[in-house]
Amino acid sequence: MNLNDLFAIPRQRTPDKLALETTAVDGSPVQLTYAQLFDAAKRLAAGLQSRGLQKGDRVAFYLANRPEFVIAYLAVIRLGAIMVPINLRYRRLEIGHILRDSEPRLLLSGRAQLAILDQVDEADKGSLEDVLLVEELDAWMADPTALVPPVVEADDLALIMYTSGTTGRSKGAMLTHNNVLATVTGLLAAWAWEPDDALLLTLPLFHTHGLVVGLHCALAAGATTLLRPKFETEAVLRDLRSGHPTLFFGVPTLYVRLLDALERLSPEERDFSAMRLFCSGSAPLAAETHQSFTRLTGHQILERYGMTETGMNLSNPYAGPRVPGSVGTPLPGVAMRMVDPATFADIAPGEEGLLLVRGSNVFAAYWRAPEKTAESSVHDELGRRWFITGDLARQDPASGYVTLLGRSHELIISGGFNIYPREIEELLESWPGVAEAAVVGRPHPQWGEVPVAYLVCEEERSEIDEAGLRAYCRARLASFKAPHAFLYVDKLPRNAMGKVQKHLLRDE
Ligand code: AMP
């Protein structure tokens with residue numbers, strides 16, 4: 001089975017169902033039924049084929065959340081071609097790297113992005129035969145009856161998604177149709193997706209959260225996607241109150257922004273009773289955010305954990321306890337192991353270690369980087385490949401629930417002791433006046449490294465009782481974990497998905 005087969009099911013069963021509700025590039029509303037969406041994709045596929053696009057060719061997308069993103073993606077995978085999404089925040093060097101590395105024949109973008117694309121070195125754009133602008137997409141459409149669809153196998157690539165690259169050059173994770181299918185079918189079952197669902201999607205389609213978890217699941221379920229160009233608090237609150245959406249997917253920073261507004265609303269104004277599920281992922285959701293959201297809305301956020309290379313790995317249950325601060329248990333079809341980060345030997349239940357995963361959801365390889373692919377996994381005695389997530393974690397031996405403790409390269413080792421930044425950050429964020437905390441290691445002549453904390457203060461409390469905070473940390477943490485310094489910043493550097501970019505703090 002490939003993704004085209006999967007999407008054909010709702011297209012044939014409910015052609016008149018609303019698939020996509022969104023806005024065009026000129027701001028006008030767009031509504032497409034399943035039949036209209038897939039007809040448009042077929043016409044575009046016919047047009048692209050007539051101009052020579054073939055199976056295995058790459059098509060880069062540098063585009064905001066627009067209907068054309070969805071139409072063109074469906075056209076590309078119909079042809080067995082490969083979509084390469086580019087983060088819209090990327091500029092000259094980052095875009096140049098992805099274009100040079102993936103060598104796409106076509107680039108899909110919009111007029112608003114042309115000034116940025118013009119700055120990219122011509123040498124990096126060497127493989128491009130054409131730039132398709134969404135404003136001119138109609139000119140690329142052709143008679144759909146002319147389309148000769150190629151055979152697309154489950155192991156053919158659907159996507160090359162570039163990782164955020166906080167530890168070096170970003171790598172292209174090659175995802176097959178089967179890899180994406182594995183995540184999608186796991187989530188359809190685990191989160192009880194239904195055709196009556198409507199997903200409010202404000203996350204960017206260039207990232208796995210918006211694209212794979214959001215759009216793919218909604219299309220596979222035969223549900224409606226309410227696609228928004230970006231997250232705007234007031235607009236989201238209006239949507240949530242409207243009774244139309246049943247699902248919302250966010251990253252923690254979006255929930256923090258929502259909470260800020262919710263505190264000021266009356267119970268009627270924060271009545272989201274039509275909603276069935278709020279999910280969070282891509283970065284750690286503070287237990288406090290989870291609890292405040294429940295207090296104000298009555299909804300328990302379901303936190304899950306995944307990554308570009310693997311799709312989704314673990315999730316809190318749909319029915320069953322959703323534990324704040326935990327990412328739950330493996331999704332259907334995913335196996336996990338906890339190992340020693342240095343030796344890769346299995347560790348005792350309940351110990352802290354490195355998380356490995358295995359399953360059809362795990363990517364095929366890094367694009368044109370066999371040595372990086374080889375480094376990214378270990379093999380067990382049965383010869384099975386386990387992907388090294390790079391995430392440190394602890395699994396509760398009784399419940400099996402997993403708590404993430406931070407990236408392995410963010411682990412601080414002080415005098416031979418391991419310090420997991422997340423534990424200290426959670427504690428600091430529970431102190432009055434601290435809105436956000438990020439703990440990083442700083443070189444130290446005696447201890448090797450010591451933790452220091454970057455703090456963002458809540459607006460109304462610009463003064464932090466630092467002596468009190470030090471005593472609070474000392475009373476609750478082993479002495480080697482207590483931050484050696486508190487540094488105040490207006491905000492933490494975050495990427496497009498709200499992940500704190502600790503390497504930028506360390507470089508300061
Ligand atoms: P990306 O490939 O951009 O999706 O980033 C994947 C990384 O995001 C994972 O390896 C984790 O470090 C982090 N991540 C994803 N979900 C969560 C979560 N629920 N809690 C904490 N970190 C997360």
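Owing to the predicted nature of the structure, the values given are computational and were not obtained by experimental measurement. First listed ligand is number 1; within each ligand, the first listed atom is number 1.
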Is the gap between the ring centers of [X] and [Y] under 6.0 Å?
{"X": "F61", "Y": "F206", "value": "no"}
{"X": "H216", "Y": "F7", "value": "yes"}
{"X": "F387", "Y": "F363", "value": "yes"}

Quiz item: Does T163 have a heavy atom less than 4.0 Å from any atom of ligand 1?
Solution: no
Report the nearest protein non-hydrogen atom to [atom]: residue, atom name, distance rounded to 0.1 Å.
{"atom": "atom 3 (O) of ligand 1", "value": "H207 NE2, 3.0 Å"}
{"atom": "atom 6 (C) of ligand 1", "value": "M307 CB, 3.3 Å"}
{"atom": "atom 12 (O) of ligand 1", "value": "D391 OD1, 2.6 Å"}
{"atom": "atom 13 (C) of ligand 1", "value": "S282 O, 3.7 Å"}
{"atom": "atom 2 (O) of ligand 1", "value": "T308 OG1, 2.6 Å"}
{"atom": "atom 21 (C) of ligand 1", "value": "P284 N, 3.3 Å"}

Checking the N or O distance criterion of under 3.5 Å, is ligand 1 in contact with [X]?
{"X": "R407", "result": "yes"}
{"X": "R304", "result": "yes"}
{"X": "T389", "result": "no"}
{"X": "E303", "result": "yes"}

Proximity to ligand 1 by part of [X], non-hydrogen separation under 4.0 Å:
{"X": "L404", "value": "side chain"}
{"X": "K499", "value": "side chain"}
{"X": "S280", "value": "neither"}

Quiz prompt | Any donor-acceptor pair under 3.5 Å from T163 side chain to K171 backbone | solution = yes
Exercise. Look at D101 together with R368 and state whether they make a salt bridge at an N to O cut-off of under 4.0 Å.
Key: no
Quiz item: With a 4.5 Å heavy-atom cut-off, do V440 and I412 have their side chains touching?
Solution: no
Quiz prompt | No-hydrogen, no-angle side-chain donor-acceptor test under 3.5 Å, Y472 and S430 | solution = yes
Practice problem: Find the distance between OH (Y90) and CG (L99) and round it off to the nearest 0.5 Å. | Solution: 12.5 Å
Quiz item: Could you walk me through whether D391 and Y305 pass the side chain to side chain donor-acceptor pair (under 3.5 Å) check?
Solution: CA-CA 10 Å; D391 288 305; Y305 154 71; 2.7 Å; yes
